[in-house]
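A quick write-up on the structure given underneath.
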Amino acid sequence: MLTRDLLRMKLEGDRVVPLLLKPTPGNLRMAEDLLAHWRGGVGQRRGDLEDASLPIQHRSRAQAAARGVQKLITDACRFADPASTEVLRGAALAASAALIVRPAATSDEHRAAVAEQVNLHPDELTERLYADLPHLATLEAAPTWTPAQTLARYDLALCQGLLLGARALDVTVLDADTGLRRRLLKALRWRRLLAEVRVDAADALTLAISGPASVVDQASRYGLQLALFLPDLASATSWRASAEIELPRGKAQMTGVARARLELSHELGLRSDSAFLAYVPEELRDLGAALAEKLPGWRFADAQLLPLPSGELIVPDLQIEVGGAIVAVELFHRWHGAALRRRLDHLAHGLAPRLVIGVERALAKADDVAAHPAFIRHGFAFSEIPVARALKAAVERIAPR
């Protein structure tokens with residue numbers, strides 16, 4: 001995604017409007033020229049290619065946009081990192097420190113003396129001393145996008161960059177495709193985003209994704225997760241989303257506005273083919289495999305949504321069948337405090353009798369969560385990932401043999 005210095009936007013009242021790249025002949029030509037430059041640079045050094053791309057960027061009327069397209073292309077390139085010269089550098093610097101006690105008459109003489117200590121010619125020492133810097137990496141492959149695909153990726157990355165300043169996101173998905181909705185909700189959980197999930201009177205799926213308003217040290221990380229969810233959301237054909245975002249410092253100083261409303265939807269033409277919707281994160285695959293190995297006789301399956309009388313949907317992380325009973329497991333991390341308190345209230349009122357909740361220890365220790373009657377019956381604490389023993393004890397409390 002784009003960094004804050006590359007974000008292009010304008011303010012319209014209390015709304016921030018992203019300046020998307022229209023597929024004009026000039027923009028398409030700029031993208032095509034940059035793509036051709038990097039594809040033709042296979043085998044060359046990254047720094048040389050970046051320097052040679054500057055004239056192409058300067059031909060664009062929107063310099064920030066050209067730099068943004070350049071960033072997306074280089075992020076997608078594959079580079080062969082040069083061999084580390086850390087050992088040589090350490091030896092050379094140690095030799096230099098020892099020789100500087102009796103300094104040579106000139107810098108060239110000092111360099112020659114250091115080179116002799118490490119058995120290299122002075123010119124070879126100069127070339128190899130910092131040969132592992134990033135700009136010396138060699139290009140192995142460049143992306144095969146079309147110019148139109150590149151502009152589409154730019155627009156999505158621009159909106160993602162703006163979402164980095166958000167702590168909450170309100171989403172409405174109008175697609176009626178049940179499979180797509182399930183995949184979106186799975187992606188939401190895999191991004192470790194908790195949301196209040198509902199289906200409104202018009203059968204639209206609504207998501208109120210709340211960030212850690214009281215957890216300052218997690219705010220930027222949560223904004224990143226919101227931004228990473230946008231490509232998943234943009235895979236739908238009919239959707240809209242809104243968020244209050246913190247404007248980049250330069251824009252805020254120039255306008256005197258610190259926060260503004262960002263509104264996104266399919267009508268902007270944002271497109272994505274997010275592969276993450278069909279992706280099972282390694283940590284969840286490993287968790288399921290580890291639990292299945294330690295809990296023989298338990299069957300783990302895709303979790304089904306749990307509707308509540310209020311219209312809210314619970315989106316579990318795991319579903320377990322044990323002894324003929326179906327038990328759902330929902331995990332809460334340290335920035336999910338508000339959602340956890342809401343879920344404890346649901347459990348206290350008997351609204352989800354077959355739900356087990358796992359709570360990260362830092363959160364379980366806060367606000368007397370561990371002493372809450374609903375947590376004592378339905379909950380267990382974990383550090384990094386749930387362990388079989390704690391999960392087994394919690395499941396057996398609500399689904400005894």
- How about L228 and Q225: do any of their side-chain heavy atoms sit closer than 4.5 Å?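 When only atoms from C-beta onward are counted, Q225 and L228 do touch, with a gap below 4.5 Å.
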
- Do the side chains of L391 and I320 get nearer than 4.5 Å, heavy atoms only?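 In contact.
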
- Item | Under 3.5 Å donor-acceptor, R354 side chain and I398 backbone |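 Flag set: sc R354 to bb I398 pair under 3.5 Å.
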
- Heavy-atom donor-acceptor pair, K71 side chain to M1 backbone, under 3.5 Å: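 Yes, the answer is positive, given that a donor and an acceptor are paired below the 3.5 Å cut-off.
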
- Task: Give a yes-or-no answer on whether the side chains of D5 and T3 include a donor-acceptor pair shorter than 3.5 Å.
- Result: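 Yes, a side-chain donor-acceptor pair sits under 3.5 Å.
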
List, one per line, each side-chain donor-acceptor pair under 3.5 Å for residues 153-164, sequence neighbours excluded.
{"unit_1": "D155", "atom_1": "OD1", "unit_2": "L21", "atom_2": "N", "d": "2.8"}
{"unit_1": "Q160", "atom_1": "NE2", "unit_2": "A227", "atom_2": "O", "d": "2.8"}

- CE on M9 to CG on L247, rounded to 0.5 Å: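 The CG atom of L247 sits 6.5 Å away from the CE atom of M9.
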
- Item | Reported CG-to-CD1 distance for the pair L305 and I314, which is rounded to 0.5 angstrom |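 Going from CG on L305 over to CD1 on I314, the span is 10.0 Å.
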
Under 3.5 Å, side-chain donor or acceptor atoms of residues 86-99 against the rest of the protein: list the pairs with distances, not counting sequence neighbours.
{"unit_1": "R89", "atom_1": "NH1", "unit_2": "T85", "atom_2": "OG1", "d": "2.9"}
{"unit_1": "R89", "atom_1": "NH1", "unit_2": "L129", "atom_2": "O", "d": "2.9"}
{"unit_1": "R89", "atom_1": "NH1", "unit_2": "D132", "atom_2": "OD1", "d": "3.1"}
{"unit_1": "R89", "atom_1": "NH2", "unit_2": "D132", "atom_2": "OD2", "d": "3.3"}
{"unit_1": "S96", "atom_1": "OG", "unit_2": "H110", "atom_2": "NE2", "d": "2.9"}

- Message: Enumerate the salt bridge (charged side-chain N to carboxylate O under 4.0 Å, His left out) contacts for residues 134-143, please, sequence neighbours excluded, ordered by first and then second residue.
- Response: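 Output for this query lists R78-E140.
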
- Query: Quick one: ring-ring contact (aromatic ring centres under 6.0 Å, His included) pairs with a partner in residues 368-388, sequence neighbours left out?
  - Reply: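 The answer is H333-F382.
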
- Sequence neighbours excluded - side-chain hydrogen bond (donor to acceptor under 3.5 Å, both in side chains) pairs with any residue from residues 35-45: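 Output for this query lists W38-Q70.
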
- Message: Do the side chains of E244 and R167 get close enough for a salt bridge, i.e. N-O under 4.0 angstrom?
- Response: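 A salt bridge is absent here (no side-chain N lies under 4.0 Å from a carboxylate O).
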
- Set of residues satisfying side chain to side chain contact (heavy atoms under 4.5 Å, CB included) with respect to A62, sequence neighbours excluded: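 Counting only residues at least two positions away or on another chain, A62 forms a side chain to side chain contact (heavy atoms under 4.5 Å, CB included) with R8, S60, A65.
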
